[in-house]
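What follows is a short report on a single structure.
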Amino acid sequence: QQSQTTLDSFFDPT
Amino acid sequence: MLEARLQTGALLKKVLEAIKELITDANFDCSDNGIALQAMDNSHVALVALLLRHDGFEPYRCDRSLALGVNLVSLSKVLRCAGNDDIITLKADDTADVLSLTFENTDNDRISEYELKLMDIDSEHLGIPDTTYEAVVQMSSAEFARICKDLQVLSDSVQIDVTKEGVKFGAKGELGSGAVTLKQNGNVDKEEEATLIELQQNVSLNFSLKYLVNFTKATPLASRVSLSMSSEVPLLVEYKMEAGYIRYYLAPKIGE
C-alpha cells in the first residue's frame with residue numbers, strides 16, 4: 001500500500 | 001490602490017475554474033509585478049502558484065502591495081455574471097475590504113458593477129526551492145487531461161515512468177490495469193501535440209490521480225503542459241499563459 005506524502009517536508013515557510 | 005483591466009475577461013473566469021476546487025480561500029497578492037496567489041489545499045498535498053503578470057493587463061496600476069483575501073467560490077460566482085467577451089476591471093483601495101469588479105461588454109453599452117467582500121486570511125507563504133528536475137515532459141495539455149481521466153477508471157493513483165524513449169502512465173486497480181505510453185516525437189507536424197522529453201535520469205514516481213484530474217481544470221488556459229519530476233520531490237505541473245502561469249505542485253505517493 002502506498003502512502004501519500006505531504007508538501008510540508010519539501011517547502012519551508014518564508 | 002489596485003486597478004487592473006483585463007481585455008479578455010474569460011481568462012480570469014478560466015483561472016478561477018482551475019483553482020477553486022483545490023483551495024477555498026486565498027490571498028491575491030498584488031504588487032508592481034502583477035497579481036500572484038500561492039496556496040496549499042487543506043490536506044497539504046498540493047499547492048497552487050499563480051502569476052498574472054502586469055503586462056497582461058491594460059492598464060495595470062498598483063501603488064502599494066496589497067493582499068486581497070478572497071473566498072474563491074464567491075469570486076467564481078460573481079465572475080459567472082460576466083460575459084465571456086467582457087472586459088473585466090478589478091479595483092481595490094488600500095484598506096482592501098472590498099474588491100470591485102466591473103464587467104463591460106464589447107459594444108460598451110452594458111456595464112455591470114459588483115463588489116465582493118474581502119476577508120483576512122492568515123496564510124503562510126512557502127519558499128519553493130529552485131529545483132533542477134531529472135525529467136521534464138512537455139506535452140499536449142488535452143492529452144494529459146485525457147490520460148488522467150481515463151486512468152482514473154482503474155485506480156486512485158498513477159505511476160509515471162519517464163525514459164528517453166517516452167513517458168508511460170500506468171494504473172493498477174481491482175478491475176485490472178491500464179497504461180498509456182507517449183513516445184517522444186518532436187518531429188510531428190502539429191507542434192502543439194508533440195511530446196518532448198528532457199532527461200537527466202530515468203524517473204518512476206507515483207501520484208494521486210484525484211489531484212492530477214483537478215489540475216487539468218487548467219487545460220483551457222494553455223495548449224501545452226509541462227511535468228517536471230525528480231525522485232522523491234513534488235511533481236511540478238505547469239500551464240504557461242501569455243502573461244503568467246499556473247503551477248501546481250503535488251507530493252508523491254511512496255512505498256509499495
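Quick caveat, the model's predicted, so the values are computed rather than measured. In the text below, chain A, chain B and the rest are named by the order of the sequence lines, each starting its count at 1.
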Quiz item: Has B:D156 got more than 12 heavy atoms of other residues, nucleotides or ligands less than 6.0 Å from its CG?
Solution: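 Counting other residues, nucleotides and ligands, CG of B:D156 stays at 12 neighbours or fewer.
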Quiz item: CG of B:D120: more than 12 outside heavy atoms within 6.0 angstrom?
Solution: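 Open.
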Quiz item: chain A: which of B:S157, B:A251, B:P129 shares the most heavy-atom pairs with it under 4.5 Å?
Solution: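 Max contact count across the listed options: B:A251.
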Practice problem: Could you grab the distance from atom CG of A:D8 to atom CG of B:L126, nearest 0.5 Å is fine? | Solution: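 The CG atom of B:L126 is 8.0 Å from CG of A:D8, to the nearest 0.5 Å.
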Quiz item: Taking the side chain from A:T5 and the backbone from B:K253, do they hold a donor-acceptor pair closer than 3.5 Å?
Solution: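 Checking the backbone N and O of B:K253 against the side chain of A:T5, no donor-acceptor pair under 3.5 Å is found.
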Quiz item: What residues of residues 31-50 of chain B sit under 4.5 Å from chain A when you count only heavy atoms?
Solution: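 Listed by number: B:M40, B:S43, B:H44, B:V45, B:A46, B:L47.
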Quiz item: Who are the ring-ring contact (aromatic ring centres under 6.0 Å, His included) partners of B:F57, not counting sequence neighbours?
Solution: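 Applying ring-ring contact (aromatic ring centres under 6.0 Å, His included) to B:F57 gives B:Y60.
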Quiz prompt | For B:D25, all residues meeting salt bridge (charged side-chain N to carboxylate O under 4.0 Å, His left out), sequence neighbours excluded | solution =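 In terms of salt bridge (charged side-chain N to carboxylate O under 4.0 Å, His left out), with neighbours along the sequence ignored, B:D25 is linked to no residue.
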Quiz item: For the residue pair B:S208 and A:Q4, what are the closest heavy atoms and their distance?
Solution: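 Distance-wise, the nearest heavy atoms are CB-OE1, 3.7 Å.
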Practice problem: Heavy atoms only: give me the nearest A:F11-B:I128 pair and the separation to one decimal. | Solution: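 Scanning both residues, the minimum pair turns out to be CE2-CG2, 3.8 Å.
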Quiz item: Taking only residues two or more places apart in sequence, or in another chain, which ones meet A:S9 in a side chain to side chain contact (heavy atoms under 4.5 Å, CB included)?
Solution: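 By the side chain to side chain contact (heavy atoms under 4.5 Å, CB included) rule, A:S9 matches no residue at all.
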